Structures are given as structure tokens and as C-alpha cells.
There are 2 protein chains.
Amino acid sequence: MNASIIAVGSEMLGPTRTDTNSLKITAALEDFGVGLVRKSIVGDTLADLRDEILYDVERADILVITGGLGPTEDDLTREALAAAFGLEMEVDQSIIDRIAARFAARGWVMPEVNKRQANVFKGQTTLTNERGTAPGFHIETRGKHVWIFPGVPHELEWMIATYFRRWLEELSGGRARHRRVLKIAGLTESGVEEKLKPYYDAHAPEVPTILASQGHIEIHLQSDGAENEARALLAARERELADIFGNNVFGYDDDTIESVIGALLKSRNETLATAESCTGGLLGSRITDVSGSSSYYLGGAVCYTAAAKIAMAGVDEALIREHGEVSEPVAIALANGVREKFGATWGVGITGIAGPTGGTPEKPVGTVHIAVAWPEDVKHRKFFWQGPRTIIKWFSTQFALDMLRRSVLKRS
Amino acid sequence: MNASIIAVGSEMLGPTRTDTNSLKITAALEDFGVGLVRKSIVGDTLADLRDEILYDVERADILVITGGLGPTEDDLTREALAAAFGLEMEVDQSIIDRIAARFAARGWVMPEVNKRQANVFKGQTTLTNERGTAPGFHIETRGKHVWIFPGVPHELEWMIATYFRRWLEELSGGRARHRRVLKIAGLTESGVEEKLKPYYDAHAPEVPTILASQGHIEIHLQSDGAENEARALLAARERELADIFGNNVFGYDDDTIESVIGALLKSRNETLATAESCTGGLLGSRITDVSGSSSYYLGGAVCYTAAAKIAMAGVDEALIREHGEVSEPVAIALANGVREKFGATWGVGITGIAGPTGGTPEKPVGTVHIAVAWPEDVKHRKFFWQGPRTIIKWFSTQFALDMLRRSVLKRS
């Protein structure tokens with residue numbers, strides 16, 4: 001079984017927006033072992049859309065179309081389908097009533113134009129849309145299945161969950177794709193690939209997907225089939241990978257490095273404070289993206305000047321005079337100082353040069369010192385990042401969080 | 001003149017990645033008045049790719065293909081083009097030499113497989129790629145122009161700038177699309193639409209594009225034609241819009257609200273400090289995304305606890321006891337306190353409940369107090385945001401920055 005997708009709408013043919021609905025449809029397809037052969041985006045032109053439907057339906061068992069179901073004259077998906085497959089249309093009064101009721105609930109009168117959305121295909125399945133006015137459709141023709149969903153993302157999501165996944169599940173006879181994502185910090189993509197070589201050799205031709213994100217690597221495992229066997233296989237593979245990567249695996253599936261740190265600190269009843277220079281508050285912001293972070297994160301100081309480092313994080317002025325603001329001793333003093341100031345178990349200090357100006361031959365743009373302090377010790381690392389400010393800031397917080405994670409794990 | 005785009009690569013048919021190169025190509029096409037009729041994504045299968053090329057070339061004057069030019073057996077764009085158009089291929093020794101030299105420069109030997117990238121089309125134009133190993137192509141056939149670029153984004157960008165834009169400029173005879181973007185804060189999308197009604201009426205059927213981003217609205221103006229007239233028209237439209245929206249227009253084109261504040265403070269030799277509770281450092285992080293922000297941003301305090309508000313921003317304990325941490329008096333005390341602590345001209349204080357827990361009937365999740373303080377005065381506003389933590393944090397910083405911008409403008 002395979003599938004193709006058409007997204008309809010001229011607004012997705014400009015330089016600012018493109019189709020992303022197809023990613024949600026593909027996720028549903030993949031969950032039930034259906035591969036995608038192609039996808040395309042076409043504008044609101046009847047002939048183009050009709051041709052595209054006819055081209056696609058020859059090339060896949062399932063065709064999914066999104067968009068072009070609105071009430072205006074630009075919305076031509078219904079007409080194109082009728083033209084492509086020679087389908088007859090009829091008015092479904094229950095849909096008019098439904099739409100009128102939606103408008104009435106807000107105290108509005110249904111515009112006449114919305115009646116277009118009650119045109120359905122004779123002898124085919126109409127899909128009620130509880131999130132909006134446009135119904136969807138499931139058309140069976142030429143031995144193929146054509147599914148048509150509205151393009152509004154939250155309407156589409158509801159329709160996929162309500163109709164499409166259930167149908168796919170039945171179609172696949174319970175055969176489904178199961179996934180497990182391992183998240184790795186502290187290694188480059190090629191470093192991960194290198195360590196994976198014996199794993200590849202052992203399991204060829206089975207190949208996990210490797211995705212590099214900003215500052216972390218994901219290994220996507222998948223297994224098709226009945227739930228029990230698939231889960232057992234994934235668990236076995238996961239154990240092998242955990243042996244290979246050890247502490248470099250910071251989390252699974254929806255984990256983020258900040259959520260993992262949150263869970264660790266919470267379970268240990270420990271607290272955290274931060275002193276940031278070049279990251280300007282990004283570290284604190286990432287930590288507080290985690291719900292419940294107020295139970296372990298006490299706060300921090302953003303010290304963009306030498307005076308602020310002294311006043312807000314208790315850094316010794318002499319240290320700054322001797323070593324400069326961007327130095328190992330100052331990073332350590334920031335971590336220790338903010339830990340004491342807030343009375344926290346853990347303190348993190350970051351100082352560096354985010355650029356594009358401010359670099360020197362000895363301390364080029366991208367030089368960043370990070371320190372993690374706790375009651376017994378302090379750890380420091382020096383980094384050189386390349387790229388624009390936002391990248392240097394991101395990588396600095398990513399590695400600061402990973403240093404903190406490793407230190408917490410080691411302390412236990 | 002119109003165009004279509006094919007992105008080649010099976011990795012873009014899964015649920016995690018899709019084509020975004022087409023947005024850059026579309027921007028170049030639009031700049032020279034060429035519209036896009038369709039775009040599609042196909043996997044690494046020879047027959048599918050050949051069919052797609054033949055389908056597309058019938059439907060547009062210009063066909064742009066990205067990807068599938070690598071050295072491995074999965075990379076089939078060259079073969080598909082040869083099959084589609086009956087083109088003959090030949091080996092270009094200068095490309096082999098070039099690739100070998102690239103490898104040698106890193107101390108490596110060119111893998112044999114890279115020689116595939118030296119297969120070029122007899123009688124057609126090969127495009128040297130200074131950013132990578134894969135050359136691109138410009139093929140003229142059947143009265144159509146087919147451009148083929150590598151899929152690696154920074155290689156593609158270089159090729160668009162170096163070859164494609166120049167060709168489009170020649171093709172269009174200097175006729176180009178000029179753009180101006182106005183950025184608006186403090187109004188909703190429907191609020192902007194409402195104010196635009198007389199403008200629409202005056203200039204119909206000319207319609208500007210309205211794009212809503214997180215916490216700001218963009219009005220995209222465009223004008224096709226010779227530079228001078230186009231720019232004059234845009235300037236006239238911009239003046240009308242500036243009259244309609246006044247101070248709600250915070251910037252133009254690539255401006256961000258944080259970059260606009262930076263330019264304002266720099267020109268006035270004034271400084272800024274922040275005290276953040278529920279935004280956790282996001283405000284400081286956004287301010288320091290601006291290059292040169294160290295000349296006006298002194299730093300801030302992230303006060304995630306009552307103790308931190310007292311110690312780091314000098315908030316009076318009695319105020320917190322009486323009004324609670326999330327209250328107008330505490331927001332004002334944060335703004336005033338951090339301003340004094342850092343000796344800054346401007347102080348911003350934010351305190352609120354980012355949720356999803358911690359809300360009460362009197363102070364539900366999403367309640368946020370923001371204050372801006374300066375030597376003569378302090379301004380406060382109370383907001384209610386809906387959504388997840390990250391949205392509440394974002395909107396709080398967006399409106400804090402806009403309150404600061406308006407206060408600075410008003411003070412002058």
C-alpha cells in the first residue's frame with residue numbers, strides 16, 4: 001500500500017508559506033506502514049487541480065487532498081474531484097442546517113455563500129467536521145481511496161484522528177508502526193555514525209534514522225507489526241544503543257534536555273540558579289519552559305557588564321581585572337557566586353563573546369566559558385562556536401544544560 | 001512567464017522533514033515577476049522522477065529541480081533528466097579535478113563514487129558549484145528552461161544568487177518586484193483589517209498581504225516594474241499606512257521589535273535593565289539577540305521566587321505579603337528596583353503565571369503584570385494570555401518590548 005498527497009491553495013505557492021499539513025498525514029500513514037510516493041502543492045485553478053488528481057491517482061493506492069473546501073469561489077476541490085472522476089454532486093440539507101446552527105450560536109446569520117459547502121458527492125462518504133464548516137470526503141473510485149480534508153490545521157488534525165487513523169488501522173489489520181526516539185548530547189552526527197558501525201553491521205539491512213538537531217542527535221527506531229513483538233524488538237535495540245552511548249543518551253521521545261534536568265532535580269529535591277553573560281537569559285528561559293520548573297529553579301542574574309557580574313553574582317573585581325570578563329576564573333566565579341546568592345544546590349555560569357563584534361585574536365567571537373558549581377566541586381569547560389549570535393547562544397545553553405545533567409548524574 | 005519546482009529526495013516524504021528550498025526559489029522568481037504554478041516532492045526513484053519532470057515541463061516555462069545530484073546510487077536526477085529529454089551525457093574531467101582538489105585540501109582522497117558528479121549533459125550548460133561537489137545545470141529543451149540545483153541549502157542559495165537571479169533579471173528586462181514590509185504591534189489581525197477598509201476601498205483591486213506572526217502583524221506591499229516608479233508607489237502607500245497606523249508601526253522589512261528598541265536606546269545613549277519572573281529570562285534573551293546590545297543592555301534579574309524578587313530586584317517584602325507576587329505593585333517594584341540596581345535609564349518588570357498550574361480564580365493562568373519604569377514615571381499594564389507556557393512567555397515579552405518602545409518614543 002502506498003499514498004500520495006495534494007495540498008491545494010495558491011497561498012502556499014509564495015515565498016512565505018508552504019504546506020505542513022502533509023507531515024501530519026504522513027505520520028498517520030507511517031504509523032500503519034503506508035509509504036508516501038509523492039506530494040505536491042497546486043494553486044486554486046480548476047484544470048490544474050483536476051490534472052493533478054488524475055496524475056496522482058494513477059500512482060498510489062490512497063490519495064489524500066487537503067484544502068480548497070472553503071465557501072468562496074476560489075475553493076475548487078469539490079468541482080475538480082467531480083470533473084476528474086465524473087462524480088455527480090447533490091446538496092445535503094443537513095450540512096446547511098449544521099453550518100447555519102454554527103453561525104447562529106455566535107449570533108450571526110449564515111452567509112449565502114456557505115451553502116456551497118453543502119455540495120457532496122452522490123454515493124460517496126461525507127465526513128462531518130466538528131471543528132469547522134467544511135465537511136471532508138472519502139471517495140472510492142477506480143479501486144483507489146481518495147480522502148479529502150479541510151486545510152485548516154486544527155480541523156485537519158481532528159479529521160485525521162477521527163476518521164483517517166481508524167480507517168488505516170482497519171486496513172492494516174492492526175499492523176502498525178511503533179517508534180522509539182533516543183536523544184543524544186555531547187556527540188557530533190559523524191561521531192554518532194562512527195559508534196553505530198557495529199550496530200549497523202549486526203542489524204543490516206535494518207537502519208535507524210539519524211536526525212541532527214541544534215546541539216543534539218536523535219536516533220529514530222521503528223518496528224512494524226503486532227504491538228507486543230514490535231515493542232519487544234524496540235526495547236532490545238534500545239538496550240544495545242544505551243550500551244553504546246551510555247550517558248550520552250539524555251532522554252527519549254518527547255524529552256528535552258531541560259525537562260530531563262527538571263525531573264532529575266525534582267526527584268532529588270535540589271535547586272538551581274544561573275548567571276548568564278553572553279546568553280542574555282536564554283538559559284533561564286529554556287529552564288522555565290518546563291512546567292513545574294518553579295519547584296527547582298530559583299532564578300538567575302543576567303550580567304551583561306562587569307559591574308553586573310560583580311553586583312549581581314558576587315564576582316571579585318580583581319578576577320575580572322586580571323583575567324578579563326570572558327575567562328575560566330570568571331565563569332567559575334559566576335557559577336559559585338550565583339549559587340551562594342540564591343542559596344541553590346547548583347549554580348551555572350556562562351560568559352563568552354556572541355559576536356559579531358568584540359572578538360580579539362586571543363578570544364575570538366564564539367569563545368564561551370561555562371562552569372557548573374555544586375557544594376563539593378565546580379566543573380569548567382571552554383568552547384568555540386561558529387555562527388551568528390543566536391546559534392552561539394543556543395549552543396552555549398545546550399552544552400551548559402548537558403554539563404549540568406552530567407554533573408547531577410555523577411553526584412548521585 | 002511561470003515556473004514549477006520539483007524537490008527530489010525520499011527523506012522529504014517522511015513525517016519529520018519537508019522541502020523548504022522552494023521558498024528561496026519562489027522568492028527569486030517573485031522578485032522578477034515570475035509566478036509559481038505548482039511544486040512537488042518526489043522520492044529517489046528513476047521512473048517517478050522522469051514522469052514528474054515530463055509532467056511539469058508541459059505546465060510551466062521554467063522548471064527548477066533541487067536535489068538528487070549527490071555521488072551515491074540514490075542520486076538519480078541526472079539520469080532522470082537524460083531519460084526524460086533524451087539527452088546525452090559525457091564526463092567533464094575538469095569537474096573530477098575540482099572535486100579531487102576539494103578533497104585534497106582536507107588531506108583526503110576523493111572516493112571513486114564522486115566521479116558520478118562529473119557526468120554532464122552534452123551541449124547544455126554546467127554550473128560550477130563553489131560551495132560543494134555537485135555541479136548544477138541549465139538545460140534548454142522544447143522551448144523550456146530547466147534549472148537543476150543541489151539540495152544542500154547553502155549550496156542552493158549560492159547558486160540562486162550567482163546564476164539564477166542574474167538570468168531572471170536579464171529575462172525580465174529589469175522589470176522586477178519591489179517589496180516593503182510594515183510591522184505592526186498592539187493590534188489584532190482583525191483590528192488591522194478593520195482599519196485598512198478605507199485603504200482597500202481606495203486602491204482596489206490592489207490588495208496588500210496581511211501576515212499575522214506571534215504578537216505582531218505584517219503588511220506586505222509589492223509593486224512590479226521599473227525601479228523608480230515602483231519605489232515611488234511603495235513610498236506613497238507606506239505614507240498612507242503610516243497615517244492609518246501611527247505609532248503601531250514599529251518597524252520595516254527586517255526590523256524586529258528588539259532591534260528597533262536597540263536603535264532607539266543607542267541613539268539616545270540610554271540604558272536598560274530587566275527583572276523577569278514568569279518569562280524566566282526570555283526578555284533578556286530577545287534583547288541580546290540584537291548585535292551591539294551590550295552598548296545599552298546592562299543585564300537583569302530572573303526572580304522565580306519571592307526571595308529572589310526581594311534580594312535581586314529590591315522588591316519590598318511587605319508589598320509581596322500584601323498583594324502577592326503576581327500583582328501591579330510588585331511589577332512596578334521590579335521595574336523600579338532593577339532600574340536602580342543596575343543604574344539604568346529604563347527598567348522593565350514582568351510577573352505572572354505561565355501555568356499550566358498555579359492559577360487561582362482571582363489570578364488565573366495567563367495573568368501577567370508588566371511595568372516599564374524611567375526616571376520620571378512608571379507605566380503598568382495587566383494582561384491575560386491563553387495558551388501553553390511558551391506562548392504566554394512569548395506574548396509577555398512581546399508586549400513588554402512594545403510598552404518599552406512606546407514609552408521611549410513618548411519620552412522624547
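What you see is a predicted model, and the numbers here were worked out from it, not measured in a lab. A note on names: the letters A, B, ... follow the listed sequences, proteins ahead of strands, and every chain is numbered from 1.
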Quick one: are B/T288 and A/R389 in side-chain contact, heavy atoms under 4.5 Å? yes

Counting only non-hydrogen atoms closer than 4.5 Å, does B/S293 touch chain A with its backbone (N, CA, C, O), its side chain (CB onward), both, or neither? both

Heavy atoms only, distances under 4.5 angstrom: which of B/G43, B/A354, B/S294 has the most pairs with chain A? Name it, please. B/S294

Quick check: under 4.5 Å, non-hydrogen atoms only, which of residues 10-22 of chain A neighbour chain B? A/M12, A/L13, A/G14, A/P15, A/T16, A/R17, A/T18, A/D19

Identify which of B/G292, B/A27, B/S291 forms the greatest number of heavy-atom pairs closer than 4.5 Å to chain A. B/S291

Which atoms of A/E52 come close to chain B, meaning under 4.5 Å heavy atom to heavy atom: side chain ones, backbone ones, both, or neither? both

To the nearest 0.5 Å, how far apart are OH in A/Y296 and OH in B/Y304? 8.5 Å

Positions in residues 307-315 of chain A that reach chain B, provided some heavy atom is under 4.5 Å away: A/A308, A/M312

Is it the side chain or the backbone of A/K393 that comes within 4.5 Å of chain B heavy atoms, both, or neither? side chain

For the interface with chain A, which of B/L23, B/T209, B/L29 has the highest count of heavy-atom pairs at distances below 4.5 Å? B/L23

Roughly how far, to the nearest 0.5 Å, is CD1 of A/I41 from CG of B/L36? 8.5 Å

Contacting moiety of A/K24, where chain B heavy atoms sit under 4.5 Å: neither

Partner chain B: residue of A/G299, A/G35, A/S277 with the largest heavy-atom pair count (under 4.5 Å): A/G299

CG-OG distance between B/D56 and A/S40, expressed to the nearest 0.5 angstrom: 9.0 Å

Sort out for me which of A/D51, A/T279, A/T45 touches chain B most, counting heavy-atom pairs under 4.5 Å. A/D51

Look at atom CG of A/D254 and say whether more than 12 heavy atoms of other residues, nucleotides or ligands are closer to it than 6.0 Å. no

Between A/I6, A/D289, A/V42, A/I287, the one whose heavy-atom pairs under 4.5 Å with chain B are most numerous: A/D289

Comparing A/T305, A/T26, A/V302 against chain B, the one with the most heavy-atom pairs below 4.5 Å turns out to be A/V302

Non-hydrogen atoms of chain B under 4.5 Å away: do they reach the side chain of A/S4, the backbone, both or neither? neither

Which answer fits A/Y297, side chain, backbone, both or neither, if we ask what part of it has an atom under 4.5 Å from a heavy atom of chain B? both

Say you draw a straight line from CZ of A/R286 to OG of B/S285; how long is it, rounded to the nearest 0.5 Å? 10.0 Å

Find the one option among B/G343, B/C278, B/G284 whose heavy-atom pairs under 4.5 Å with chain A are most numerous. B/G284

